Amino acid sequence: VRLKNFLRSILPAFLITSLTLVTDDAGAGAAAPQQKTQAPAYYRLMLGAFEVTVLSDGTHPFPDAKVLTTPASRTSPARVNLFRHGSTEANRLLKAADLTVPTEGSIDAFLINTGTKLILIDSGAGSLYGSCCGHLISNLRASGYRPEQIDDIFLTHLHEDHVGGIAPGGTMAFPNAYVYASKADADYWLSDAHERAAPAFLRGQFEGAKRSLITYMRARRFKTFAGAKELYPGVRAIPAPGHTPGHTFYQVESQTKRLLIWGDVVHVAALQFTDPSIGTQYDTDATQAEKTRLKVFREASDDRVLVGAMHVSFPGLGHVSRRGDVYVWIPAEYSARL
Ligand SMILES: [Zn+2]
Ligand SMILES: [Zn+2]
């Protein structure tokens, strides 16, 4: 080191650099500490004149074995646990995809900059899912935006992993935003009577929705809409009930380019594109959710529309393609250019 310092004082820099390769023992062979951190997760594309940024809120071990359901029979609306009653086929599909349970669940949100408005579609889990998630704000900042800049937040539904991010720890994360959800979802999840009548495992979802929305309601910044509606030029709400009473898709359109943003149509891509009858115990009406899933698979594959799916592996952008009796998910090409 002393020799290097002496040489550094008398030689030009480029000579020192080449000398370093010879004299420095701590080179490529030494163990650099592993960083054990992940990169900020945002992904950007242009959709006509709109800029779309997919923001990851995090990933978590999805409780497949506990929550996935399958119809008890072809004729009955009753649902049973998939892994207790239909595990053979499910395990075959997972094995074919080189997966084991629990699968890794992505939680994503979509930021649309129309040029005049900054619209966030869903908000991740905030503080409601623990340390796995709630990374939306840091990824938003890494993507070049600040929470105060968000004008509107359109929610697909009021489950914790979609609404929680608007108010992590009960504090308004987006102080200048108006939050929108369908009236049907607000009427259900904000009702004490519905909470009392719901199964115990849904209690947390009711509480999460109320805790997240309360500050916006007090500030008169929570609004509801009913039915299919253009909420902003180029951004249309489309009712897609079943998973929840007011579950909503958002179709984003600019200069003939279209993006259809799903909420909870698919939780485990490796299973549900092949077998759209598979749902979750969180579906308010599983039979209707299955119908909605089949309808949107068919339409998305017929229209060849670009899909943004909240729980398909980040960034959850792709196309649905029909292959005989089943559907497959074709992830969109990655591009480093806008
Ligand atoms: Zn949900
Ligand atoms: Zn969800």
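In listed order, ligands and their atoms are each counted from 1. Predicted, not measured: the structure shown is a model, and the values here were computed from it.
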Study note, to complete from the structure: For the Zn ion (ligand 1), the nearest N/O/S atom on His243 is atom NE2
**Study point:** Residue His159, metal the Zn ion (ligand 2), N/O/S under 2.8 Å
**Key:** no
**Study point:** Residue pair Asp161, His311: steps toward the side-chain hydrogen bond (donor to acceptor under 3.5 Å, both in side chains) verdict
**Key:** CA-CA 10 Å; Asp161 51 327; His311 296 317; 3.0 Å; yes
Exercise for review: Would you check if the side chain of Tyr250 reaches a backbone N or O of Leu155 as a donor-acceptor pair within less than 3.5 Å?
Suggested key: yes
Practice item. Kindly say whether Thr53 contributes a backbone atom to a donor-acceptor pair with the side chain of Arg44 at under 3.5 angstrom? Key: no
Check your understanding: Does Asn139 reach the main-chain N or O of Ala41 with its side chain, forming a donor-acceptor pair under 3.5 Å?
Key -> yes
**Study point:** the Zn ion (ligand 1) to nearest N/O/S of His247 less than 2.8 Å
**Key:** no
Check your understanding: Quick check: does Asp264 put an N/O/S atom under 2.8 Å from the Zn ion (ligand 1)?
Key -> yes
Study note, to complete from the structure: Among the N/O/S atoms of Asp161, the Zn ion (ligand 2) lies closest to OD2
Check your understanding: Has His157 got an N/O/S atom less than 2.8 Å from the Zn ion (ligand 1)?
Key -> yes
Exercise for review: Please report the C-alpha distance between Tyr334 and Tyr43 in whole Å, then the side-chain angles of each, then the deciding distance to 0.1 Å, and finally whether the ring pair (Phe, Tyr, Trp, His ring centres under 6.0 Å) criterion is met.
Suggested key: CA-CA 9 Å; Tyr334 173 84; Tyr43 180 74; 5.4 Å; yes
